[in-house]
Amino acid sequence: MGRATALTFAREGASVVGCDVAVEPAETTVDMVQAAGGAMVSLQPCRLSDPADCAKLVELALNEFGQIDVLFNLAGRSHFAWIEDVTDEEWDAARRDEVDLVFYVTRAAWPYLIASSGVVVNMASLNGQLSFKSLASLSHTTNKAAITAMTRQLAMEGGKHGIRVNSISPGLIQSGANRDHLEQGAGGFARAMVERTPPGPAG
């Protein structure tokens with residue numbers, strides 16, 4: 001998803017700054033963007049759940065391109081379990097991997113988004129609005145609902161600065177973060193969701 005996003009932004013003429021916890025995939029994405037004629041730099045390894053890494057990412061963007069016009073918060077790792085199986089450690093990790101990282105990088109970029117009257121786009125989920133009997137998604141549902149609420153609050157706070165903040169709530173998208181769960185633990189759920197998605201599966 002991140003690679004497709006980077007290629008799309010570059011194709012539209014944006015100078016792209018990316019990041020990844022994994023080095024090799026990030027470097028491959030940069031190579032692909034540049035081979036297609038786009039401009040991209042990336043910070044890896046980078047953990048957006050670490051405020052210090054978020055500051056480094058913002059610094060990279062400013063050093064390379066001088067300003068930040070759009071912040072697309074796509075990164076995240078989903079956690080799936082029924083309530084009786086969610087440990088304290090897993091609950092904290094789920095929040096950190098889906099909510100904290102959006103807050104930390106947005107906070108780091110906020111002064112520069114004010115300067116550019118920029119745009120923030122947050123990746124939420126249909127699961128933040130709906131629950132499904134076959135999906136053990138208490139943490140994921142809770143955290144994606146939090147992203148929607150955060151988006152609403154940021155839009156209010158950013159309005160006086162000319163900052164626009166929106167969220168996207170897609171249905172099922174197979175990604176590296178959920179592939180194992182969909183293939184092993186929720187095959188029936190995955191098939192049912194694909195059948196209810198008009199454009200077909202994305203992955």
Side-chain angles (χ1 to χ4, degrees), residues 1-21 26 29-30 33 38-78 94-130 139-171 173 175 177 202:
M1 292 169 63
R3 179 172 294 163
T5 299
L7 287 165
T8 299
F9 269 96
R11 189 165 55 244
E12 294 297 320
S15 298
V16 180
V17 180
C19 68
D20 202 326
V21 294
T29 298
V30 172
V33 168
M40 182 177 181
V41 295
S42 182
L43 179 65
Q44 62 276 334
C46 175
R47 294 189 178 277
L48 294 178
S49 55
D50 182 348
D53 276 8
C54 292
K56 291 176 184 176
L57 182 63
V58 167
E59 183 180 7
L60 174 64
L62 296 172
N63 288 341
E64 291 291 330
F65 301 118
Q67 66 188 64
I68 299 174
D69 299 302
V70 179
L71 174 63
F72 184 23
N73 287 311
L74 173 63
R77 179 172 179 265
S78 303
R95 186 204 65 247
R96 188 169 55 247
D97 291 341
E98 292 197 273
V99 178
D100 289 1
L101 75 180
V102 175
F103 166 70
Y104 289 142
V105 73
T106 303
R107 182 180 64 179
W110 197 252
Y112 310 102
L113 291 164
I114 290 175
S116 66
S117 296
V119 175
V120 179
V121 180
N122 295 325
M123 182 63 79
S125 171
L126 180 63
N127 205 203
Q129 305 169 42
L130 299 174
S139 299
H140 182 60
T141 297
T142 301
N143 289 318
K144 286 306 186 181
I147 293 301
T148 303
M150 187 191 303
T151 299
R152 183 172 59 248
Q153 178 70 21
L154 289 173
M156 185 274 291
E157 294 188 23
K160 63 183 178 182
H161 304 295
I163 298 174
R164 292 181 292 115
V165 187
N166 291 283
S167 64
I168 302 170
S169 293
I173 300 176
S175 68

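Just so it is clear, the model here is predicted, and its values are computed rather than measured.
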Visitor: Roughly how far apart are Ile114 CD1 and Glu157 CD, rounded to 0.5 Å?
Guide: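 Result: 9.5 Å between the selected atoms.
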Visitor: Testing the basics here: between Gln67 and Asp69, what is the closest heavy-atom pair and its distance to 0.1 Å?
Guide: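 Closest approach of Gln67 to Asp69, heavy atoms only: NE2-OD1, 2.6 Å.
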Visitor: Working to the nearest 0.5 Å, report the span between CG of Leu43 and CG of Leu48.
Guide: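 These two atoms lie 8.5 Å from each other.
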Visitor: Output the distance between atom CG (Leu57) and atom SG (Cys46), rounded to the nearest 0.5 Å.
Guide: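 These two atoms lie 5.0 Å from each other.
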Visitor: Nearest 0.5 Å, please: how far is CG in Asn143 from OG in Ser78?
Guide: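 Between atom OG of Ser78 and atom CG of Asn143 there are 9.0 Å.
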Visitor: What's the shortest heavy-atom distance between Cys54 and Tyr104, and which atoms?
Guide: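 Cys54 and Tyr104 have their closest heavy atoms at SG-CB, 3.6 Å.
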Visitor: Please determine whether the number of non-hydrogen atoms from other residues, nucleotides or ligands lying under 6.0 Å from atom CZ of Arg3 exceeds 12.
Guide: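 Atom CZ in Arg3 is crowded, with more than 12 foreign heavy atoms closer than 6.0 Å.
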Visitor: Can you tell me how far the CD1 atom of Ile168 sits from the OG1 atom of Thr151, to the nearest 0.5 Å?
Guide: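 Interatomic distance, Ile168 CD1 to Thr151 OG1, rounded to 0.5 Å: 10.0 Å.
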Visitor: Assess whether atom CZ of Arg95 is packed by more than 12 heavy atoms of other residues, nucleotides or ligands within 6.0 Å.
Guide: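 Counting other residues, nucleotides and ligands, CZ of Arg95 exceeds 12 neighbours.
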Visitor: In Å, rounded to the nearest 0.5 Å, how long is the span from CD1 of Ile163 to CG of Leu113?
Guide: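 Answer rounded to 0.5 Å: 5.0 Å.
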Visitor: Do you know which two heavy atoms are closest between Pro51 and Arg107, and how far apart they sit?
Guide: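 So the minimum-distance heavy-atom pair works out to CB-NH2, 4.1 Å.
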Visitor: Go through the steps to decide whether Val30 and Val41 satisfy the test side-chain contact (heavy atoms from CB on, under 4.5 Å), and finish with yes or no.
Guide: CA-CA 6 Å; Val30 172; Val41 295; over 6 Å; no
Visitor: Which heavy atom of Met150 sits nearest a heavy atom of Val99, and at what distance?
Guide: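 That closest heavy-atom pairing would be CE-CG1, 3.7 Å.
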Visitor: Might you point out which heavy atoms bring Arg96 and Ser49 nearest each other, and give the distance in Å?
Guide: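 Heavy-atom minimum between the residues: CG-CB, 3.5 Å.
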Visitor: Does Ser15 reach the main-chain N or O of Ala39 with its side chain, forming a donor-acceptor pair under 3.5 Å?
Guide: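 Side chain of Ser15 to backbone of Ala39, a donor-acceptor pair under 3.5 Å: no, none is there.
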Visitor: So, does Ser117 use its side chain to make a donor-acceptor pair with the main chain of His161 at under 3.5 Å?
Guide: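 Yes, Ser117 side chain to His161 backbone: donor-acceptor pair under 3.5 Å.
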Visitor: Taking atom CZ of Phe65 as the centre, report whether more than 12 heavy atoms of other residues, nucleotides or ligands fall under 6.0 Å from it.
Guide: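 Yes, because the 6.0 Å sphere around CZ of Phe65 holds more than 12 heavy atoms from other groups.
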Visitor: For a side-chain contact (heavy atoms from CB on, under 4.5 Å) with Met40, tell me which candidate from Leu7, Val17, Thr29 qualifies.
Guide: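 Checked Leu7, Val17, Thr29 against Met40; only one passes side-chain contact (heavy atoms from CB on, under 4.5 Å): Thr29.
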Visitor: Might you point out which heavy atoms bring Ser42 and Leu60 nearest each other, and give the distance in Å?
Guide: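 Reported closest heavy-atom pair: C-CD2, 3.9 Å.
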